[in-house]
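See structure below.
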Amino acid sequence: IMSNLGLSKVIFKAHETITMGALKAGLLHDNVKDFVGKIKVANLGISRANYEIPNELLIQKKKDLKLPFRNQKNTNKGSFGHVSVLCGPKEGACILSSLSAFHFGAGLVTAIGEKIKNLPPYIMHSSTLPKNATVLVAGMGLEEPFDEKMVLSLLLDNALPLVIDASLCHNVMIKKIVESKKE
C-alpha cells in the first residue's frame, strides 16, 4: 500500500513536515499518519487556491471538534443527558463507548449489564435500563449469541433515541424488525 503513494521502503518518523505551497494528498493518507508529524504549509507567495486541488481528504483540527457549550450556570449533571450503553461479552467496547459518551458531554453515563469489570468510577452501572435515560446505545461488544428477547425489549419497548453499532445491523433479528417496519 505504501508503494501506491510512491514512498520509499525506508522512512523515518518526523516531528514536523513542511510542504511547499499546498497540502499533498500523500501527507494525509492513513499509512503515513504516524510518520509526518505536524504538517505546515510553506507560503510560496501564490495563493494555495490557485493550484491546490480539492479532494475528499482533510485534516481534522481541534477547532473541528464541536463539544456542547454549557451556558447555563444553575445546572447539574442530569441536565446534559443520560446515555445508557448496553454491555455484551466484549466489555472493552462497552467501556470505550461509555467513556466516549462521557467525554463528548453526556452528564450521566450508565453501562447496562451484569458484573462489568474495570468500569471507571464516573460511569454508573445497572442491570436494567435507568428510568432517566435519554438515549440508548447498543451493539458495541454485543457479540452473538445474546439474549434476543432482552435486547429486543430494550431496543423497542421505549421511545428513546437509539444508537446501534454496525455489527448489530447485520443481526437477523434486527433485519426482521426493519423489514416489518417497512411493510
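As the structure is a computational prediction, the values presented were derived from the model and not from experiment.
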Practice problem: With side chain to side chain contact (heavy atoms under 4.5 Å, CB included) as the test, would you mind laying out the steps for Val109 and His82 before giving the verdict? | Solution: CA-CA 6 Å; Val109 180; His82 186 166; 5.9 Å; no
Quiz item: Given the rule in the side chain to side chain contact (heavy atoms under 4.5 Å, CB included) test, do Ile123 and Ile95 qualify, once you have shown the distances and angles that lead to the verdict?
Solution: CA-CA 9 Å; Ile123 305 294; Ile95 293 170; over 6 Å; no
Quiz prompt | Value rounded to 0.5 Å, distance of SG in Cys87 from CD1 in Ile112 | solution = 9.5 Å
Quiz item: Counting only N and O atoms by type, is there a donor-acceptor contact under 3.5 Å from the side chain of Lys24 to the main-chain atoms of Ala22?
Solution: yes
Practice problem: Could you tell me whether the side chain of Val41 reaches within less than 4.5 Å of the side chain of Leu23, counting heavy atoms only? | Solution: yes
Quiz item: Can you tell me how far CG of Leu86 sits from CD1 of Ile164, rounded to the nearest 0.5 angstrom?
Solution: 11.5 Å
Quiz item: Should Val163 and Val135 count as side-chain neighbours, where that means a heavy-atom distance under 4.5 Å?
Solution: yes
Exercise. Enter the distance from Thr19:OG1 to Arg48:CZ here, rounded to the nearest 0.5 Å.
Key: 8.5 Å
Quiz prompt | Expected output: side-chain Thr17 to main-chain Ile39 donor-acceptor under 3.5 Å | solution = no
Exercise. Check the pair Leu108, Asn132 against side chain to side chain contact (heavy atoms under 4.5 Å, CB included), reporting the backbone distance first and the verdict last.
Key: CA-CA 10 Å; Leu108 295 165; Asn132 61 342; 3.9 Å; yes
Exercise. Any chance you could measure Leu96, atom CG, to Lys90, atom NZ, to the nearest 0.5 Å?
Key: 13.0 Å
Quiz item: Between the side chain of Ser126 and the main-chain N/O of Leu129, is any donor-acceptor distance below 3.5 Å?
Solution: no
Practice problem: Calculate, to the nearest 0.5 Å, the distance between atoms OG and CE belonging to Ser98 and Met124 respectively. | Solution: 10.5 Å
Quiz item: Who passes salt bridge (Lys or Arg N to Asp or Glu O under 4.0 Å) against Glu114, sequence neighbours left out?
Solution: none
Quiz item: Relative to the ring of Phe102, is the ring of Tyr122 parallel (under 30°), tilted (30 to 60°) or perpendicular (over 60°)?
Solution: tilted
Quiz item: If you take all heavy atoms of His125 and Thr110, which pair is closest and at what distance?
Solution: C-CG2, 4.0 Å
Quiz prompt | Nearest-0.5 Å distance, NZ of residue Lys40 to CD of residue Glu16 | solution = 4.0 Å
Practice problem: Check whether any side-chain heavy atom of Glu91 lies under 4.5 Å from a side-chain heavy atom of Lys117, and answer yes or no. | Solution: yes
Exercise. With the side chain counted from C-beta on, respond yes when Thr134 and Pro161 share a heavy-atom pair under 4.5 Å apart, and no when they do not.
Key: no
